[in-house]
Amino acid sequence: MRGVVWVVAALVLLAGVGAWWQSGARWRGDLYCFEQPGRVWGLAAVPAGGTPTCPESRTVRAEIRSGNTRLEQFTFPQWQPDAVLDVLRAGGFTRFTERPDDGIQREMVLLRGPERLTFIAEHQGAGMLVHLSGVPTR
């Protein structure tokens with residue numbers, strides 16, 4: 001009988017450690033910054049050609065983990081900022097302010113209710129890096 005109790009206790013302990021480890025798995029992975037990997041701001045699939053990416057900075061990782069910042073990044077082989085903007089617009093975001101493309105980047109602040117989102121599309125050769133950031137709504 002004692003053997004069964006020890007086995008059950010060990011299994012419960014292992015399950016607890018496994019759950020704890022899994023709960024932090026997001027923060028150890030390369031795509032830690034995404035709440036829903038493979039989706040733009042949780043709205044729809046990443047447009048064709050887009051590759052999700054997150055900054056390697058420990059500071060950014062800690063800020064996102066603390067819940068103070070929300071951030072997503074995508075690289076594209078071609079300049080196509082409207083591909084991501086179309087997803088955001090379909091999700092209910094509207095343009096609040098915009099700085100037109102100056103050959104370096106295109107910047108925009110988008111709103112959806114109380115949510116404020118900064119959109120930056122940065123030229124990288126023929127391609128681009130799209131950076132989305134905001135303060136999480138709670």
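- Of the possible donor and acceptor atoms, one in the side chain of Tyr32 sits under 3.5 Å from a partner among the backbone N and O of Pro55.
- Under a 4.0 Å N-O distance rule, the pair Arg70/Glu72 qualifies as a salt bridge.
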Less than 3.5 Å apart, which donor and acceptor atoms pair up between the side chains of residues 74-93 and the rest of the protein, not counting sequence neighbours?
| from | atom 1 | to | atom 2 | distance (Å) |
| --- | --- | --- | --- | --- |
| Asp82 | OD1 | Arg106 | NH1 | 3.3 |
| Asp86 | OD1 | Arg89 | NH1 | 3.4 |

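- Here the CD atom belonging to Glu122 is positioned 9.5 Å from the NE2 atom belonging to His131, to the nearest 0.5 angstrom.
- For the pair Leu110 and Arg95, the minimum side-chain heavy-atom distance is below 4.5 Å.
- Counting heavy atoms from C-beta outward, Pro52 and Val46 have side chains that approach closer than 4.5 Å.
- Atoms SG and CZ, from Cys33 and Arg61 in turn, are 9.0 Å apart once rounded to the nearest 0.5 Å.
- Side-chain atoms of Thr53 and Gln73 form no donor-acceptor pair, as typed in the model, at a separation below 3.5 Å.
- Between the CZ atom in Arg116 and the OG1 atom in Thr97 there is a gap of 6.5 Å [rounded to 0.5 Å].
- Sorted by first then second residue, the disulfide bond (SG atoms under 2.5 Å apart) pairs that include residues 94-124, not counting sequence neighbours, number zero.
- Taking 4.5 Å as the limit, every side-chain heavy atom of Met128 sits out of range of all side-chain heavy atoms of His123.
- With contacts defined as side-chain heavy-atom distances shorter than 4.5 Å, the pair Leu132/Leu117 qualifies.
- Residues Val109, Leu111 make up the rest of the hydrophobic cluster containing Phe96, defined by ILVMFWY side-chain heavy atoms closer than 4.5 Å, directly or through other members.
- Atom CD of Gln105 sits about 5.5 Å away from atom CD1 of Ile120, to the nearest 0.5 Å.
- Note: the hydrophobic cluster containing Leu129 does not contain Val60 (ILVMFWY, side chain heavy atoms under 4.5 Å, direct or indirect links).
- Interatomic distance, CH2 of Trp41 versus CD of Gln36, reported as 11.5 Å (0.5 Å rounding).
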